[in-house]
Amino acid sequence: LDRGRIRSVGVPALRTFLQKLHVFKCTADVLRATVLFTGLSSVDAAWLPLRQEVARHQAAATVFVQPHTHLAEDGTVSLEEFPATPEGVLQSFVRRFGPGGVADAPG
């Protein structure tokens, strides 16, 4: 990989691709968007071993869980944080909305 060509070749190529995809989405041209995206994202048999190796080294997605603030009767504010895991997302959701989800939420 020639890292020196990222800005001179890679960025313009990515800009062109994203602009085309954006135009297709904005004009609801599902067929052309699908053809463009599928053609560039398909992995044929020759590249499959490399794709599997890249996927093996792929880092886990970052999980952001927003903390909750609570106002006590005496006016103090406390911060409740949750772990940055899928379980933490669920804990935060249940703590905010209750076990029944948004349907059980007040107001």
Side-chain angles (χ1 to χ4, degrees):
L1 176 67
D2 181 359
R3 294 188 182 275
R5 296 183 65 191
I6 290 175
R7 289 189 192 270
S8 63
V9 177
V11 170
L14 188 57
R15 181 183 301 122
T16 301
F17 165 72
L18 291 175
Q19 185 178 35
K20 285 181 184 178
L21 191 58
H22 180 69
V23 168
F24 294 154
K25 286 176 65 177
C26 288
T27 58
D29 193 342
V30 176
L31 179 61
R32 289 179 67 190
T34 302
V35 169
L36 174 68
F37 190 79
T38 304
L40 294 174
S41 62
S42 298
V43 180
D44 63 15
W47 289 96
L48 192 56
L50 180 59
R51 195 247 177 264
Q52 290 169 338
E53 184 65 17
V54 168
R56 192 170 69 84
H57 292 284
Q58 187 173 11
T62 302
V63 178
F64 177 74
V65 183
Q66 196 164 7
H68 298 201
T69 54
H70 304 281
L71 181 61
E73 289 182 15
D74 65 357
T76 60
V77 177
S78 64
L79 182 69
E80 182 179 11
E81 296 182 287
F82 303 91
T85 63
E87 292 81 10
V89 172
L90 293 175
Q91 290 171 1
S92 172
F93 186 86
V94 170
R95 178 74 170 98
R96 182 166 306 273
F97 298 110
V102 179
D104 288 350

Any side-chain heavy-atom pair from Arg95 and Phe82 closer than 4.5 angstrom? yes
Does some side-chain heavy atom of Phe37 sit less than 4.5 Å from a side-chain heavy atom of Phe17? yes
Mind checking the CD-CZ spacing from Gln66 to Arg96? Nearest 0.5 Å is all I need. 7.0 Å
Applying side chain to side chain contact (heavy atoms under 4.5 Å, CB included), run through Leu14 and Leu18 and close with a yes or a no. CA-CA 6 Å; Leu14 188 57; Leu18 291 175; 4.0 Å; yes
Out of curiosity, Leu21 CG to Thr34 OG1, how far, rounded to the nearest 0.5 Å? 9.5 Å
Which heavy atom of Ala46 sits nearest a heavy atom of Pro49, and at what distance? O-CD, 3.8 Å
Report yes if the side chains of Cys26 and His22 come closer than 4.5 Å at any heavy-atom pair, otherwise no. yes
Side-chain heavy atoms of Leu48 within contact of Val43, under 4.5 Å: yes
For the CG atom of Leu79 and the NE2 atom of His70, what is their distance to the nearest 0.5 Å? 8.0 Å
Between the side chains of Asp29 and Thr27, does any donor sit under 3.5 Å from an acceptor? no
Might you point out which heavy atoms bring Ser92 and His68 nearest each other, and give the distance in Å? OG-NE2, 2.7 Å
Start with the C-alpha gap between Val63 and Thr85, add the side-chain angles, then the distance that decides, and say whether side chain to side chain contact (heavy atoms under 4.5 Å, CB included) holds. CA-CA 6 Å; Val63 178; Thr85 63; 5.8 Å; no
Do you know which two heavy atoms are closest between Arg7 and Pro12, and how far apart they sit? O-CD, 3.3 Å
Check the pair Lys20 / Leu36 against side chain to side chain contact (heavy atoms under 4.5 Å, CB included), numbers first and verdict last. CA-CA 9 Å; Lys20 285 181 184 178; Leu36 174 68; 3.9 Å; yes
